[in-house]
> 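Sharing a structure, written as structure tokens. Questions coming.
Please read these numbers as outputs of a predicted model, since none were measured by experiment. Quick note on labels: first sequence line is chain A, next is B, and so on, each numbered from 1.
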Amino acid sequence: MAEKLKLEVSDEIAISIKSMNKWFGSFHVLRDIDLIVNRGERIVVCGPSGSGKSTLIRCINALEEHQSGQIIVDGTELTSDIKNIDRIRSEVGMCFQHFNLFPHLSILENCTLAPIWVRKIPKKEAEETAMHFLEKVKIPEQADKYPGQLSGGQQQRVAIARSLCMRPRIMLFDEPTSALDPEMIKEVLDTMIELAEDGMTMICVTHEMGFARQVANRVIFMDDGQIVEQNEPEQFFNNPQSDRTKLFLSQILGH
Amino acid sequence: MSENYTSFVRKEMISERVPPATERGVIKWVRENLFSSVFNTIMTFVSIWIIYSIVVAAAPWFINGIWDAKTVRECYDLLDGKSGACFAVLNERFPQLIYGFKYPSSEYWRPNLATILLLVALAPILFRGLPRSLLVFSAIYPFLAFWLIWGGSILTSVSAFFGCVIALVCYRRFSGGSFTKAVIVSVVAAYIWWSIGGYIAGLNESIFALEVVPSRDMGGFMLNLLLGTIAVCLSIPLGVALALGRQSDMPIIKWICVVFIEFIRGVPLITLLFVANVILAFFFPPDTSIDLILRVLIMMTFFNAAYIAEVVRGGLAALSKGQYEAADSIGLDYTQSMRFIILPQALKISIPGIVNVSVGMLKDTTLVSIISMFDLVGMIRGPILSSTDWNGVYWELFGAAAAIFFVVCFSVSKYSQWLERQLETDKR
């Protein structure tokens, strides 16, 4: 199954990263990262905290600047050119650990703001799109409420809908379930699984190994700012090669 | 398991009852707030006694107050040794307290009308529920008010207004390209228009002309309100711009803003006013005379803006980094993310601070009395108290000044509390 999917999608490259390096001051966070993401591919990035996995996906939509190497997203190279960066950001959706909804706007306004002002879509059409995606994440009835009135799981689903309203070609998830209560994790993961089934290109930093097994085409393990191992989920979990990976897996799957 | 356990089935449901008499209404409030303990009871009686003494001591002064007299001596005669206020001064000098002593009395309707229209112009800005089309009047108002208060031909105001409209149109037209280009084009266009407009207005000075009242004839509370309103209205956008500039990635803009804010904040307002009054004149070419009110306004606006910038900076710092990142990640550019995401939230947090600083500014407008402008306090200290008719009537005059300022400032503060509650979406 995984083989077949890979063949279907590998004809187009969504993200290509070549020997990319990043420093925070003199601290070398990302070291010689090489990564090709094909269109429709679903990648899970895992690793111990401080390994640079969040920084890696934040570099992909230029929330963090990289200092050397090359990142090409959707055919556009990330440079310091503001126009390019804004274009890439409108093509790449992102969900954050702490949702980062806009608390002063209603759920509907959260979802329509960017389509109206960045995509220049008429308000009515943007609202229809927003309702469509809010239905997709199963909370259309909350459209007129404010983020503060929603539970964590609902807020994260709104955040996903907000990103989808821009019709992104790539979605990045930065530990989307880490700040949630256990019973809310499932509703967010279900939404993400549905998204994956629709063929969205996804890169997801997460510790949900069940999700990785079920959805990912590829699991990437990072440590000390470098990619230590990447493989299909079956191989990765059942037959890890490096010692670091084995240690990490034994720690998170140990109980 | 439990020895006291017996099987129980309720036969009748208990109906709702009112709480005991001491636990409801006024009695409950009084008992809880005034007589909750021995110490509180004593304090309550002590407070009542203090309030009573003050009222008893002050009441005759108000009750015996004389409202109708020509001079302070006439007042004393009428009082005949009793303790009492001489409110007659407020009555007799009312126009001077409000409009100053030089504003032509036949033209008092003009500042009155301007004040009423000010409320109309502010309404759609202060209350979101009103129709947006009223904002058109708010945009016209400053030019209308200038014509009403200073007089002269209406052409001056009309030309100034259309200059601004032209600048705005040019900016809209060119803002698709570079921001700098759009600003330069609109400034040049407006300047050309104003030059032509000023020339035409100079030729037709009598069209819809009101009697010209020069700035030095403005006075009384009108001057305070004028200075306060304009300085506050101009300093809020300037302060926000300075706060954003201070956060800028561009080092030169950042340093200009930092130096400006720190310099202005480090200098007393009264010093700046003296600079405006005396020293600023040295920096202009000898034959130009910049209006004193304008010079004072510039200083007050700068002063207030520097303080507001710091308040807004606090508001910006209170937002989580996630808000900036979320705004970036959905593709908003800098202007859009500031306009829709960052500033609405930061300004909401800053409301108490901005109002605090601005109310302070409104009251500080009385400092202009020191540079010999005759505002409300200047009128009292100068022409009224030094006249032989009303020599020594301090309490009544300064009390009235305090009352006038209190009414205005208290309303502003009440409005800001209301606004804060209106904007409280994240806690609802």
Side-chain angles (χ1 to χ4, degrees), chain A residues 54 57-58 60-65 80 82-83 85-107 109-120 144-150 158-159 161-168 170-174 179, chain B residues 128-129 132 172 175-182 240 244 247-251 253 312 315-352 354 419-428:
Chain A
S54 285
I57 68 166
R58 288 159 61 85
I60 293 172
N61 69 352
L63 285 183
E64 302 285 356
E65 227 178 324
S80 53
I82 290 281
K83 289 236 165 73
I85 291 178
D86 282 340
R87 205 189 72 77
I88 285 169
R89 281 174 178 162
S90 63
E91 299 295 331
V92 180
M94 175 136 185
C95 289
F96 300 87
Q97 183 178 3
H98 296 289
F99 334 130
N100 295 345
L101 293 177
F102 307 129
H104 62 302
L105 300 177
S106 72
I107 299 305
E109 288 165 336
N110 263 280
C111 293
T112 55
L113 184 72
I116 290 174
W117 292 96
V118 180
R119 290 259 190 268
K120 316 282 183 205
D144 294 323
K145 289 195 181 165
Y146 286 89
Q149 298 165 294
L150 269 54
V158 171
R162 177 176 72 182
S163 299
L164 292 178
C165 284
M166 286 295 282
R167 309 247 181 217
I170 300 163
M171 282 289 287
L172 307 173
F173 293 88
D174 188 2
Chain B
R128 286 193 297 177
R132 296 290 85 189
R172 280 275 166 84
S175 62
S178 118
F179 172 76
T180 329
K181 190 176 140 202
V240 171
L244 293 178
Q247 282 203 327
S248 170
D249 295 333
M250 287 175 262
I253 291 185
V312 173
L316 290 170
L319 289 189
S320 75
K321 201 165 159 254
Q323 291 292 312
Y324 292 86
E325 286 176 353
D328 283 346
S329 78
I330 55 172
L332 298 178
D333 62 26
Y334 177 79
T335 327
Q336 288 165 341
S337 71
M338 286 301 142
R339 177 173 162 200
F340 298 116
I341 309 300
I342 305 304
L343 283 180
Q345 297 184 62
L347 290 181
K348 195 191 95 187
I349 302 171
S350 315
I351 289 171
I354 291 178
L419 184 64
E420 272 175 70
R421 280 196 302 278
Q422 286 293 303
L423 297 176
E424 213 169 50
T425 54
D426 43 353
K427 287 183 203 121
R428 250 196 303 209

> Report which part of B/Gln323 has an atom under 4.5 Å of a heavy atom belonging to chain A: side chain, backbone, both, or neither.
both
> Mark yes when over 12 heavy atoms from residues, nucleotides or ligands other than B/Arg128 sit less than 6.0 Å from its CZ; otherwise mark no.
no
> Under the 3.5 angstrom rule, does the side chain of A/His104 hit a backbone N or O of B/Leu423 as a donor-acceptor pair?
no
> Kindly compute the distance separating CD1 (B/Ile330) from CG (A/Asn110), expressed to the nearest 0.5 Å.
8.0 Å
> Assess the residue pair A/Leu63 and B/Asp328 against the criterion (side-chain contact (heavy atoms from CB on, under 4.5 Å)); give the C-alpha distance rounded to whole Å, side-chain angles, the decisive distance to 0.1 Å, and a yes or no.
CA-CA 8 Å; A/Leu63 285 183; B/Asp328 283 346; 3.8 Å; yes
> Short question: side chain of A/Asn61, backbone of B/Ser329 - any donor-acceptor pair under 3.5 Å?
no
> For B/Ala326 and A/Phe102, work out which heavy atoms get closest and say how close.
CB-CE2, 3.8 Å
> Go through it in stages, so that I can follow the logic: the residues are B/Leu332 and A/Leu113, the test is side-chain contact (heavy atoms from CB on, under 4.5 Å), and I'd like the CA-CA distance, side-chain angles, deciding distance and then a yes or no.
CA-CA 9 Å; B/Leu332 298 178; A/Leu113 184 72; 3.9 Å; yes
> Taking everything shown except A/Glu65 itself, do over 12 heavy atoms lie less than 6.0 Å from its CD?
no
> What pairs with B/Glu325 under salt bridge (charged side-chain N to carboxylate O under 4.0 Å, His left out), at least two apart in sequence or on another chain?
A/Arg58, B/Lys321
> To the closest 0.5 Å, what do you measure between CD1 (A/Ile85) and CG (B/Asp333)?
12.5 Å
> Please classify the contact between A/Leu101 and chain B as side chain, backbone, both or neither, with a heavy-atom cut-off of under 4.5 Å.
backbone
